[in-house]
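Below you'll find the structure, written out as structure tokens, and then a few comments.
Scope of the values below: all heavy atoms of this structure, side chains included, with no hydrogens, waters or symmetry mates. Chain A is the first sequence line, chain B the second, and so forth, proteins listed ahead of strands; every chain is numbered from 1.
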Protein chains: 2
Amino acid sequence: MPKLGMEPIRRAALVDATITEIGENGTLDVTVSQIAKRAGMSSALAHHYFGSKEQIFIAAMRHTLSLYGAGVRGALAMTKGPRGRIEAIIRAGFSTTNFRREVVAAWLNFYVLAQANSEARALLLIYQNRMRSNFVHDLRQLVGMRAEGTAERIAGLIDGLYLREALGREVPSGEEATRQVLEALDLEIGFAK
Amino acid sequence: MPKLGMEPIRRAALVDATITEIGENGTLDVTVSQIAKRAGMSSALAHHYFGSKEQIFIAAMRHTLSLYGAGVRGALAMTKGPRGRIEAIIRAGFSTTNFRREVVAAWLNFYVLAQANSEARALLLIYQNRMRSNFVHDLRQLVGMRAEGTAERIAGLIDGLYLREALGREVPSGEEATRQVLEALDLEIGFAK
DNA sequence: GCTTTTATTGACTCGTCAATCAATGAAAAC
DNA sequence: GTTTTCATTGATTGACGAGTCAATAAAAGC
């Protein structure tokens, strides 16, 4: 029965299951058995591949972050000009892939994880810094020396809308959120409406 | 030894201890014993007064929210005019009482709790709605029909800055955060700088 | 064909922790 | 002064869950 080369498949299945499970329960308070069951294997196997529950979480977080990063890069590749680039980053964050209930719940819980786990914190900081430096770079050409402040506010607003979405009962509306952030962006760069 | 009328004192001590403990660990993953010990009593007594761990959390949340609410009311009482009122609300949120590491961590975790516990969710929604309606009311006179959108953005930014603060290692700077939100507010109401 | 490697799990260990309970003592009520 | 009520805890129960391990089995290597 043992097919060889299962490791990557099992790992991926566990990571997926972890995010779904966190999303469904809204907490990191999920058992390895739950995750393993959803991924279609025994909890022993999950431990075999990841060593500990914490490492499963970290892997799930890495995956979420890298999905997000890929979305941003993809969007950026097709765009030119500072304003367009910023808009692309914003849109990527609220795309249907990223702005889903389970993913939002996972993000929220990753913030909690980052409070206690320095590896998790480091990952989140990398993501934050990358986003900030992207914004600052492009904003410089639009708002000059106000770039830093504007970047903080736009990034902060994005995070805030994510957080608020975590509370809503409905399916997240990426369009609505995108509109809000773009509106704030336009105010910042002085497109009077 | 049993002094009478201990109930309110014990309850308050437990609530305080809960927030501190959540803040210190960054998680809801704290034991009743930890909390009780910090509050200077046995875990049995904690159960005696609150019945369950969940109820301790809810009480801690209620307390945090009502502290916040009191801060806002206090600030509002001394102010007139829509712009001043909005500024007061913002300042109250980032005041040294509310914008402390432990309290920020507690908020973050209350959001997580709200995912799983409908009582917690209801509490948070009340707070959000109150804040939004405050903002909308005052903004109406400043930005007319744009009030709803602006309120969402300002409230979202506030939440976002809270969330981001949870990650920082340093002592939260309420001034900096306040400045950011006020800047966004001024852009919204058209005070070109 | 034997040996090593990879995949896989059921059963088990060991801790931890929420919640309960019976017991103790002290104030208040009567 | 005796009974009730409030305050308090040590000890215990019962569950649950992370992580380990020994055992099984199939592929790959030699």
| query | Over how many whole Å does the gap from I56(A) atom CD1 to dA18(D) atom P extend? | reply | 9 Å
| side chain to side chain contact (heavy atoms under 4.5 Å, CB included) assessment of T18(A) paired with E21(A) | CA-CA 5 Å; T18(A) 303; E21(A) 204 66 28; 5.8 Å; no
| Side-chain heavy-atom pair E188(A), R146(A) within 4.5 angstrom cut-off | yes
| Per Y49(A) side chain, nearest of listed nucleotides dA18(D), dT8(C), dT20(C) | dT8(C)
| message | For A166(A) versus R121(B), what's the shortest heavy-atom pair and its separation? | response | O-NH2, 4.2 Å
| request: Run the salt-bridge test on R179(B) and D186(B) with the 4.0 Å N-O cut-off and return the result as yes or no. | output: no
| field | Between C1' of dC6(D) and CE of M6(B), the distance in whole Å | value | 11 Å
| message | What is the distance, to the nearest angstrom, from the CZ atom on F57(B) to the C1' atom on dA19(C)? | response | 15 Å
| query | Where along residues 38-45 of chain A does a heavy atom fall under 4.0 Å from DNA chain C? | reply | M41(A), S42(A), A44(A), L45(A)
| Between the two end axes of the helix from dG1(C)-dC30(D) to dC30(C)-dG1(D), each built from 5 base pairs, what angle do you get to the nearest 10°? | 0°
I'd like a table of donor-acceptor pairs (distance under 3.5 Å, sequence neighbours excluded) in which one partner is a side-chain atom from residues 28-36 of chain A, with atom names and distances.
| unit_1 | atom_1 | unit_2 | atom_2 | d |
| --- | --- | --- | --- | --- |
| T31(A) | OG1 | S33(A) | N | 3.4 |
| T31(A) | OG1 | Q34(A) | N | 3.0 |
| Q34(A) | OE1 | N25(A) | ND2 | 3.2 |

| said: Rounding to an integer number of Å, can you tell me how far E54(A) CD sits from dA18(D) P? | reply: 12 Å
Side-chain donor-acceptor distances from residues 73-80 of chain B under 3.5 Å, at least two apart:
| unit_1 | atom_1 | unit_2 | atom_2 | d |
| --- | --- | --- | --- | --- |
| T79(B) | OG1 | A75(B) | O | 2.7 |

| said: I'd like to know if the side chain of R101(A) and the backbone of G168(A) have a donor-acceptor N/O pair within less than 3.5 Å. | reply: yes
| message | Looking at every non-hydrogen atom in both residues, tell me the closest pair between A59(A) and V15(A) and how far apart they are. | response | CB-CG2, 3.9 Å
| note | In terms of heavy-atom contacts, F57(B) and F110(B) come closest through O-CE2, 4.2 Å
| request: Could you work out which one of dT8(D), dA7(C), dT20(C) sits closest to the side chain of E7(A)? | output: dA7(C)
| said: I'd like to know if E148(B) and R140(B) make a salt bridge, using a cut-off of under 4.0 Å between side-chain N and carboxylate O. | reply: yes
| task | Could you check how far NZ of K37(B) sits from P of dA18(C), rounded to whole Å? | result | 15 Å
| field | d(NE2, H48(B); P, dT5(D)) in whole Å | value | 14 Å
| task | Mind listing the residues from residues 20-33 of chain B sitting with a heavy atom below 4.0 Å of DNA chain C? Number order is fine. | result | V30(B), T31(B), V32(B)
| task | Measure the distance from NE2 on H47(B) to P on dT12(D) and round it to the nearest whole Å. | result | 18 Å
| Which atom of G26(B) lies closest to which atom of N109(B), heavy atoms considered | O-ND2, 3.2 Å
| request: Mind listing the closest non-hydrogen atom pair of A39(A) and L14(A) along with its distance? | output: CB-CD2, 3.9 Å
| field | Close approaches to DNA chain C from residues 8-19 of chain A, in residue order (heavy atom, under 4.0 Å) | value | R10(A)
| query | If you look at every heavy atom in A151(B) and L139(B), which pair is closest and at what distance? | reply | N-CD1, 3.6 Å
| How close or far is atom P of dT20(D) from atom NZ of K53(A), stated in whole angstroms? | 15 Å
| said: Could you check whether R10(B) pairs with E7(B) (Lys NZ or Arg NE/NH1/NH2 to Asp/Glu carboxylate O, under 4.0 Å)? | reply: no
